[in-house]
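Here is how names work: the chains are called A, B, and so on, in the same order as the sequence lines, proteins then strands, and each is numbered from 1.
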There are 2 protein chains.
Amino acid sequence: MIAGSHFPNTLMIRKLETIFTFADEEKQALLNLPIQVITLKADQDIVRVGDRPSQCCLILEGFSCVYKLTSEGKRQIMALYVPGDIPDLQSLHLKAMDISIAPISPCTVGFIQHDDVRHLCERYPRIAAAFWRETLVDGSIFREWLLNVGRREAYTRMAHLLCELLIRLKAVGLVEGGIFDLPITQAELADAIGTSSVHMNRVLQALRADGLVQTKGKQVIVPDWEKLKEAGDFDPFYLHLEEAGVV
Amino acid sequence: MIAGSHFPNTLMIRKLETIFTFADEEKQALLNLPIQVITLKADQDIVRVGDRPSQCCLILEGFSCVYKLTSEGKRQIMALYVPGDIPDLQSLHLKAMDISIAPISPCTVGFIQHDDVRHLCERYPRIAAAFWRETLVDGSIFREWLLNVGRREAYTRMAHLLCELLIRLKAVGLVEGGIFDLPITQAELADAIGTSSVHMNRVLQALRADGLVQTKGKQVIVPDWEKLKEAGDFDPFYLHLEEAGVV
DNA sequence: CGTGATGTTGATCAGACTCAAGGGAGGTGG
DNA sequence: CCACCTCCCTTGAGTCTGATCAACATCACG
């Protein structure tokens, strides 16, 4: 059972608390935010480039990704979102979407009306700051991915991505003993890392051979966090977590 | 003479107006924001990873870049900032910097105290929204760069970057007849594009040979915008400019 | 048990890196 | 005003990471 899945608001708060500290009154206000829960199949776009949504979506269960296509049809996944994340919080202030968002596994999401968020932000400036901060952390993650794709090789990049996922999932309680679910295909990983799927396959084999990860179906096991961290040139600083140095 | 260089606030407003529409009262408030002007040499970091600045910097003249290094010392430039931009607006809500910012040419910048910005945001929620929006557009640009670096080849990437610069410079009045100044070395371009400087050199030669750009010293001439746009697989949508379809 | 999606493997090719060396152009000091 | 020095740009050659193409194996699932 996914932590907090019956309480969308609780999950959202838990996530936000990893990067922000709320007062009780603010938490209460967040708890009262109406959220409409919906279940989606994989590859069923949540929003698409050019859309003008009037709501944000909160991931409750499963993974989703933000992606863009080149005119040649090549896909780059720019971010993976895990339970507790709000992938399209930006739509609050950017009318038209410059990205598409799709579940990569069957996904439960909660929709939150922009108007509700706006009212909340007006009444509680610190909540506005928290949401703003959340979008800034997203930006920071994009920058780290840019460094990753631009200046690290595929092996390192993949190790780095695994590190990031481990930390972010841990922050919302979805990791136990270095084990977490990663319901994603190698082709999707390739799109996230910016390689071909064939090469992705070989990189994963190399990582397994080096004892950095084990996989059991869709489960990922990280036997030696320090080793993976080093292989991935990973420093969680860019995630701007409140309690730094997690794990 | 750079447009508005004697009036930092005017330049800032002009830039913000490319993505937001202000009321007169709000503009007046922005005009009264105290800005302390300073001149910097190239390569003299403005802020560094880990810093906890109490001010933002507004670019007034020259270019600056945001960059990160891998542990191997490879540099990735994640963004280029032109006059009117505020590269570290994020520092308003992210205490510690996850990036470094350096001028790539001699640069005039204006420093704005966080406290002043915060007061402004409290009194004028729409100004807060404008600044928030500004950071979101930055995020959108990072995503486009990620697509660029991850899924386009060097030639296309470079053409794309030139397109972006043309549009952004035009928005603040720094382009005339397809000509603009680009005081940047090939090595720096390489770091922005994610290639080696040797390869960058060859890419530029190819672009020149194909008649997509001409260079005269630090001046860039774009003789055929449509051709460059196509070569760069460029669509300005991601810049979220108010008056879309510029040029 | 068939079918489509996913993962795996081999072979070949190309874009881009590295190393190394030489050529300009602009600034500084004598 | 010239000599020099330092960046920066340019070119060539060899190498490597990773792409592409093409099978084939596996697995989940109806």
Those residues that, when tested against A:Glu176, pass side-chain contact (heavy atoms from CB on, under 4.5 Å) (two or more places apart):
none

Can any side-chain N or O of B:Thr70 pair as donor or acceptor with the backbone N or O of B:Glu72 at less than 3.5 Å?
yes

Length of the line joining A:Glu72:CD and C:dG15:P, which is rounded to integer Å:
12 Å

Sugar-phosphate atoms are those with a prime plus P, OP1 and OP2; base atoms are the rest. Using that split, label each nucleotide of nucleotides 8-20 of chain D B, S or - for protein heavy atoms under 4.0 Å, 5' to 3'.
SSBBBB----SSB

Salt-bridge contact A:Glu164-A:Arg168 (side-chain N to carboxylate O under 4.0 Å)
yes

Separation of atom CG in A:Leu207 from atom P in C:dG7, rounded to whole Å:
15 Å

Could you list the residues that satisfy ring-ring contact (aromatic ring centres under 6.0 Å, His included) with A:Phe180, not counting sequence neighbours?
none

Give a yes or no on whether B:Gln186 atom CD has more than 12 heavy-atom contacts from other residues, nucleotides or ligands under 6.0 Å away.
yes

